[in-house]
Every structure is written in C-alpha cells, then in structure tokens.
There are 2 protein chains.
Amino acid sequence: MSEPPGVAAWRNTAAEAAVATGDGDALELVELFFFAYRDFVGDADRLLENYGFGRAHHRVLHFVNRRPGLTIAALLDILRITKQSLNRVLKQLLEAGFVEARAGVVDRRQRLLYPTPKGATLARDLAALQSARFRKVMDELPPAARGAASKFLFAMIDSGERERVRAHLACAKAAGGAT
Amino acid sequence: MSEPPGVAAWRNTAAEAAVATGDGDALELVELFFFAYRDFVGDADRLLENYGFGRAHHRVLHFVNRRPGLTIAALLDILRITKQSLNRVLKQLLEAGFVEARAGVVDRRQRLLYPTPKGATLARDLAALQSARFRKVMDELPPAARGAASKFLFAMIDSGERERVRAHLACAKAAGGAT
DNA sequence: CTATTTACGTCAACTATATTGACATAAATC
DNA sequence: GATTTATGTCAATATAGTTGACGTAAATAG
C-alpha cells in the first residue's frame, strides 16, 4: 500500500505556502491563541451552566459590573452586537435579578445598568476564575516575560480600537476597579 | 442631582471584591484577551464571508490543511464538538470542493481528510491574515517581549491539555508545516 | 465463523447567539 | 411643533452548537 495519491502534491503546495508566507512560527502562535482562548472561556462556561446562563450573559454582566451605570448604547458599542441580540440576554438578567436598570438622571431616555448584589457576586466569581488563570500563568512565567503579556495582548487589538479599549479601562478604573 | 442610589453601595462591594480577589491587573488582562481575540478572528471572518463560510468552516479547513490525512475522530478531538455538528460543515466543505476524503489505507472505516488545491489556497490565505497580525505585533513589541508571547499563550492552556497541543504542533510540523 | 466493537453517517428536535428589517414610544433638542 | 435620539419589540432568518436514536461497514475478539 503506497502513499495515497495527492499527498506528494499536497506537500508541494504546503512547502510553497510556507515559503510564500514565511511563517511556521506565526502559525503556531495562531493555534496557541485558539487553544488558549478555548480553555480561558471554558472556566467561566462551567460556572455559568449552574445559572442557566451562557457566554452572552457573562459578557453583559461583566461589563455592567465593571462599569456600573453603563448605558445600552455604550454596552452595544463594547459588545458589537445588535440591540435585539443584547435585549434578549439583558431581559433575562433583569428578570432574574442580576442586573437592574434605572432611568438616567440627566437624560431620562437612557437606561443606566447596574449589577444587583447578586449580580455583582456572580460577576466577581466569574472574574475570579479568569483572573486566577492569569495569575497562575504569571507565576509559571519567567519574571522577564510577565510584563510582556499585557503589551502583547494590547498590540493584538486593532490599532483603530486601541484608544477605545484604553478609554474603557480608564473608565472602569475610575469607577472603582470593580471585580 | 445627587448620585443615583446604589452607586455608593456598589462601590463598597466592588472594593471588597478587589480585596477578595486581589487583582485589578488580572482583570485588565481578562478584558484585553477578550478584545484581542475578537479582533483576531475578525480578520478571517471578513474573508470567509466571500465564500459563504463561517468560523466553523474555518476551523475545519485550517486543521485539515495543517494536518492532511486527519481522521474524523482526530478532528473531533481537536475541535471538541459533536460529530453531528462537524458533519454539517464538513459536508459543505466536501461538496464545495475545499476538502476531500479518502478511505484509510490501513483501516478502511476511517475517512482521511485532505485539502484540495482550492482548499489549501483558502486555508493559506486565512492563515496569512492571522499570521500577519502576529508578525506585526512582534514588530511592535520590544525584542525582549517577543519570545514571551508563545510562552504566555502556552501557559494559558489547561495544563492537562498541553501535552496534546504539543503533540498536535509536532504532528503538524512533521506533516510539512503546512500554512 | 460469529459476535462485538469501532468509525463513521444521518435523521430529528432543540438551544443559544447572532442577524436584518420594520415599527413604536418617550424624551431631548432644534 | 418637528425632528432626532435612546430604547423596546415583533418577526423572520442564519449559524453553530447540543442530545438522542438508529444505521452500516469494517475491524477485531472469542
């Protein structure tokens, strides 16, 4: 039984491709990023199951907890989903008592979103899981590599988005650095 | 207009949470990881739209191209989805002529998956986009931080999974390091 | 050689997350 | 008073995933 036909041909195109793009290492990084993200979100997924919530709920709860008083528009801007999509999960979080909405004081059309104590607790538990992974990673890493992680991740963000992300982080920090 | 009621209360729980988990920095990393991954997959998403494919197709095509001759079982193991879910997208890739399946030579029950030339080209184009982001990041980063990225990402993977990931990478490398 | 296990395919129903498009309402602003 | 803005909502659709049940051909154990 010889090698199935096509394998040799494939090896050629693969070799050409490697030459064309010039990266075996970058490809490894692509895959490592995929696997790392998969496991990273897996932690939270397991906890969320106990509440009947999914990733969409997690994201909403996270950002509401991180920046209490967030408006719908601001949340849509962060999540980059449609208001219809947001509304489904937000309604569930409101009904289940994890988030509450109050009319804006300066502009009463706005709904300012706040975590309830119950919501803040869940958000903190979820964040603790994910933070724990990062802290463990930092422990495993040589000290010289530790500072590099946040620089690396920030550099991975679209350059046009970095200002907004920076603003979000500053805003969260100003809000009190919630969980 | 005074501060809406509840804000002060929230600040307290937030402060407690910060003390309890001890991390404002880890939280920032959590969010940076979220934003970085969002933009990272966004590149490929835009290209995939031209073909009527989604992320699920991308993942299948990527791993088939990276490890030609992959079996269904091996693919399921990497992707961690059900065979029913895989089958839907795989069928489309087969019908559209981006992937082809041949009966295994040693075990004829197995279907060995190979990219077609067309499939290899698309896989390479997708990989080129994502590799390009990594290379750009490496250029932006101080030299000392460059080696840290892959160490960091690898450390982010579940410790129980690392061996398998390492095996996958070795396998892909042995297969010719296909783009 | 028969029995079982393995590798895979498939039908069906369902869930979660997202989309587009249209329309409604109340509050702010011109 | 007219318009714009912030938000809610109804409906249809797409994508990606699930569980469960059943089928089939090939490998393997007895």
Side-chain angles (χ1 to χ4, degrees), chain A residues 1 34 37-38 41-42 44-46 48-64 69-96 99-114, chain B residues 1 34 37-38 41-42 44-64 69-96 99-113:
Chain A
M1 36 194 83
F34 167 74
Y37 194 77
R38 183 193 65 179
V41 294
D45 284 349
R46 283 182 287 276
L48 287 159
E49 266 179 30
N50 305 330
Y51 295 83
F53 290 148
R55 285 183 200 175
H57 303 87
H58 182 189
R59 292 195 283 265
V60 170
L61 181 59
H62 172 90
F63 287 108
V64 167
L70 207 61
T71 64
I72 300 287
L75 196 45
L76 289 175
D77 189 57
I78 290 172
L79 299 176
R80 299 192 163 294
I81 57 177
T82 58
K83 64 181 172 176
Q84 294 90 331
S85 194
L86 170 60
N87 219 260
R88 180 181 44 87
V89 300
L90 180 56
K91 205 186 283 182
Q92 291 169 13
L93 286 167
L94 288 164
E95 282 165 5
V99 169
E100 74 181 32
R102 287 197 286 277
V105 271
V106 35
D107 183 338
R108 283 177 45 203
R109 287 170 307 180
Q110 293 180 327
R111 296 178 76 195
L112 308 186
L113 303 171
Y114 295 87
Chain B
M1 295 292 143
F34 167 74
Y37 194 77
R38 183 193 65 179
V41 295
D45 285 350
R46 283 182 286 275
L47 179 54
L48 286 160
E49 266 179 29
N50 306 330
Y51 295 83
F53 290 148
R55 284 183 201 175
H57 303 89
H58 182 189
R59 292 196 282 264
V60 170
L61 180 60
H62 172 90
F63 287 108
V64 167
L70 206 62
T71 64
I72 300 287
L75 196 45
L76 289 176
D77 190 57
I78 290 172
L79 299 176
R80 300 193 164 293
I81 57 176
T82 58
K83 63 180 174 178
Q84 294 91 328
S85 194
L86 170 60
N87 219 260
R88 181 176 41 82
V89 299
L90 180 55
K91 204 187 283 183
Q92 291 170 12
L93 286 167
L94 288 164
E95 281 165 6
V99 169
E100 74 181 33
R102 287 197 287 278
V105 271
V106 38
D107 183 338
R108 282 177 46 204
R109 289 171 306 181
Q110 293 181 326
R111 297 177 77 197
L112 308 186
L113 303 171

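Below, chains carry the letters A, B, ... as their sequence lines are ordered, and counting in each starts from 1.
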Please report, rounded to the nearest Å, how far the C1' atom of D:dA12 is from the CZ atom of A:Arg88. 15 Å
Is the distance from OP1 or OP2 of C:dT19 to the nearest side-chain N or O of A:Arg80 less than 4.0 Å? no
Residue B:Thr82, side-chain atoms from C-beta onward, closest of D:dG17, D:dT19, C:dT19: D:dT19
Closer than 4.0 Å, any side-chain N/O of A:Asn87 to the OP1 or OP2 of D:dT7? no
Rounded to whole Å, how long is the line connecting atom NZ of B:Lys83 with atom P of C:dT6? 13 Å
Gap between atoms CG and C1', on A:Asp77 and D:dT7 respectively (whole Å): 16 Å
Mind checking whether B:Tyr37 and A:Tyr37 have parallel, tilted or perpendicular rings, split at 30° and 60°? parallel
Side-chain heavy atoms of A:His57 within contact of A:Tyr51, under 4.5 Å: no
Taking OP1 and OP2 of D:dG17, is either one under 4.0 Å from a side-chain nitrogen or oxygen of B:Arg59? yes
Residue A:Ala56, side-chain heavy atoms: nucleotide from D:dA16, C:dA18, D:dT9 that is nearest: C:dA18
If only side-chain N and O atoms of A:Lys91 are considered, is one of them under 4.0 Å from the OP1 or OP2 phosphate oxygen of D:dT9? yes
Return the value, rounded to whole Å, for the distance between atom CG of A:Leu90 and atom C1' of D:dT9. 13 Å
Examine D:dT15: is either OP1 or OP2 under 4.0 Å from a nitrogen or oxygen in the side chain of B:His57? Give yes or no. no
Using only heavy-atom distances, decide whether a donor-acceptor pair under 3.5 angstrom links the side-chain of A:Arg109 to the base of D:dT5. yes
Please compare A:Arg55 and B:Gln84 by the position of their nearest nucleotide in DNA chain C and report the one closer to 5'. B:Gln84
